[in-house]
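Shown next, in structure tokens, is the structure this report addresses.
In what follows, chains carry the letters A, B, and so on, assigned in the order in which the sequence lines appear, proteins first and then strands, with residues in each chain numbered from 1. Treat the numbers as computed from the prediction; the structure is a model and nothing was measured.
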2 protein chains.
Amino acid sequence: MTEPAKPRREQILDSASRLFSERGYHATSMRDLAGELGMQGGSLYAHISSKEELLIDIVNQASRQFDEALFTLRGEPLPADAKLKEAMFRHIRVVADNMDSATVFFHEWKHLSPEAYARVTGWRDTIDAFYRELIEQGVREGVFRPGLDIKMTAYLVLSAVNWAYTWYRPGGALGPRDVAEQFAEMLLSGLRAAPAATP
Amino acid sequence: MTEPAKPRREQILDSASRLFSERGYHATSMRDLAGELGMQGGSLYAHISSKEELLIDIVNQASRQFDEALFTLRGEPLPADAKLKEAMFRHIRVVADNMDSATVFFHEWKHLSPEAYARVTGWRDTIDAFYRELIEQGVREGVFRPGLDIKMTAYLVLSAVNWAYTWYRPGGALGPRDVAEQFAEMLLSGLRAAPAATP
DNA sequence: CCTACCGATCGGTAGG
DNA sequence: CCTACCGATCGGTAGG
């Protein structure tokens with residue numbers, strides 16, 4: 001009863017995600033945002049307490065989605081190649097389903113105040129660790145090649161799934177599953193033609 | 001004689017690259033920039049004509065570097081796998097040698113005015129085309145697997161070389177050559193262990 | 001390269 | 001959710 005209507009706040013967050021991703025956080029004014037929602041600048045503050053609160057909410061929401069997508073996978077008893085493929089699918093799906101907030105997440109986290117900034121940095125480390133463990137597991141179990149540099153391999157995988165925010169277009173011919181399938185297959189089997197394997 | 005000293009302008013561009021990459025274009029004020037160089041805000045305009053001119057210069061300079069690095073490779077008579085490896089090396093080297101302007105290039109190009117914006121978009125397309133041709137060549141010559149999706153393969157390669165701007169640290173143990181070598185080798189040969197190839 | 005300043009716009013608030 | 005407003009800061013200029 002004393003709380004403002006919930007949907008309105010979500011509308012504000014959605015509009016903010018879109019504007020922040022298109023123009024950047026600092027280049028978006030509160031009046032721009034209010035205009036999108038058909039209200040005056042000052043009226044926003046009936047629903048939120050500050051501009052930075054919006055950024056924090058957007059970034060936290062994105063973090064949580066990555067977290068939830070990946071960490072339910074952590075304990076599952078899958079061979080490393082299948083697990084990598086599934087992790088890439090889930091990771092790309094989060095990006096694809098949240099193009100705006102993913103873009104904000106990747107571009108604007110540097111503008112957060114120290115506490116929120118530290119939280120994001122921590123999240124990044126956790127995701128890194130997830131992929132490194134996954135690759136280590138694969139090497140240990142003999143699914144991946146023995147000589148792999150764990151860190152570099154993780155960077156390569158992360159490049160593929162993260163960079164999708166720059167080129168992926170939702171609603172196109174390829175779903176997140178297709179992209180992940182193709183990327184994972186190329187990564188696992190390599191681009192090189194098999195050396196004339198005529199039996 | 002009527003021109004302002006050249007080095008000063010380069011100092012301004014260097015500082016601007018650093019500040020724009022750390023804080024973002026819109027979050028950096030001309031007074032911040034002037035302060036870095038030990039002068040007053042208004043004094044900058046003895047050397048430059050506008051803030052956007054700085055952004056345009058930084059982005060153009062980055063574009064030119066990518067261009068020069070890759071397009072001298074275009075006609076060279078190398079097998080596709082060697083050419084891919086060399087292209088990745090040069091691409092990563094440009095990123096590594098210009099971490100600040102590369103970051104500005106990837107993050108701030110959306111804030112350019114229409115003409116400069118169109119130029120950057122055009123550049124992106126050209127680089128895309130370069131990698132697609134390279135991969136097509138490889139498939140045609142039988143160096144790469146026949147079934148490869150050209151577009152997706154190019155995206156995968158571009159992910160690896162572009163995303164380096166987020167994690168690479170110049171002066172560390174790995175030079176651009178090492179990174180490219182490792183990434184290219186993983187991409188070409190795949191992560192999967194060979195299926196028990198005891199002869 | 002500085003001092004002093006311009007109009008515009010910013011995030012946010014008071015009071016209703 | 002609006003009107004009206006706050007102090008601060010913005011990019012840029014005039015005149016020296």
Could you tell me which residues satisfy side chain to side chain donor-acceptor pair (under 3.5 Å) with [X], sequence neighbours excluded, listed by chain and number?
X      : result
A/R192 : B/D81, B/E185, B/S189
A/E22  : none
A/E141 : A/Q137
A/E136 : none

Measure the acute angle between the ring planes of B/F106 and A/W163, then classify it against the limits of 30° and 60° as parallel, tilted or perpendicular.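 Geometry flag for A/W163 against B/F106: perpendicular rings.
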What residues form a side chain to side chain contact (heavy atoms under 4.5 Å, CB included) with A/D97, not counting sequence neighbours?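 Side chain to side chain contact (heavy atoms under 4.5 Å, CB included) check on A/D97 returns A/R93.
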Rounded distance in Å - [atom1] ([X]) to [atom2] ([N]):
X     : N      : atom1 : atom2 : value
A/Q40 : C/dT9  : CD    : C1'   : 15 Å
A/I48 : C/dT13 : CD1   : P     : 10 Å
A/K51 : C/dG12 : NZ    : C1'   : 12 Å
B/L44 : D/dC10 : CG    : P     : 13 Å
B/L54 : D/dG11 : CG    : C1'   : 12 Å

Closest listed nucleotide, where the reference is the side chain of B/H47 and the choices are D/dG12, C/dC1, D/dC1: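 Out of D/dG12, C/dC1, D/dC1, the nucleotide with an atom closest to B/H47's side chain is C/dC1.
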For residues 137-160 of chain B, which residue pairs qualify under ring pair (Phe, Tyr, Trp, His ring centres under 6.0 Å), counting only residues two or more places apart or in two chains? A/W167-B/Y155
Could you pull out the protein-nucleic contacts involving nucleotides 14-16 of chain C (nitrogen or oxygen on both sides, under 3.5 Å)?
none

Distance check: side-chain N/O of A/Y45 vs OP1/OP2 of C/dG12, anything under 4.0 Å?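 The answer is yes; a side-chain N or O of A/Y45 sits under 4.0 Å from OP1 or OP2.
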Residues 150-178 of chain A vs salt bridge (charged side-chain N to carboxylate O under 4.0 Å, His left out), sequence neighbours excluded, gives A/E86-A/R177
Return each pair, listed once, that meets salt bridge (charged side-chain N to carboxylate O under 4.0 Å, His left out) where at least one residue sits in residues 37-56 of chain A; pairs must be two or more places apart or across chains. A/R9-A/E53
Please assess A/L148 against B/M186 for the test side chain to side chain contact (heavy atoms under 4.5 Å, CB included), listing each intermediate value before the final yes or no. CA-CA 8 Å; A/L148 286 182; B/M186 287 192 272; 4.1 Å; yes
Fill in the dot-bracket string of DNA chain C, one character per base: . for unpaired, | for a pair to another strand, ( ) or [ ] for pairs within the strand, taking Watson-Crick or G-U pairs under 3.5 Å. ||||||||||||||||
By ring-ring contact (aromatic ring centres under 6.0 Å, His included) - contacts of A/W123 (at least two apart):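 With sequence neighbours excluded, A/W123 shows a ring-ring contact (aromatic ring centres under 6.0 Å, His included) to A/F66, A/F105, given in chain and number order.
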Using a cut-off of strictly less than 4.0 Å between a heavy atom of the residue and any atom of DNA chain D, enumerate the qualifying residues of residues 26-35 of chain B by number.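 B/T28, B/S29, B/M30, B/R31, in order of number.
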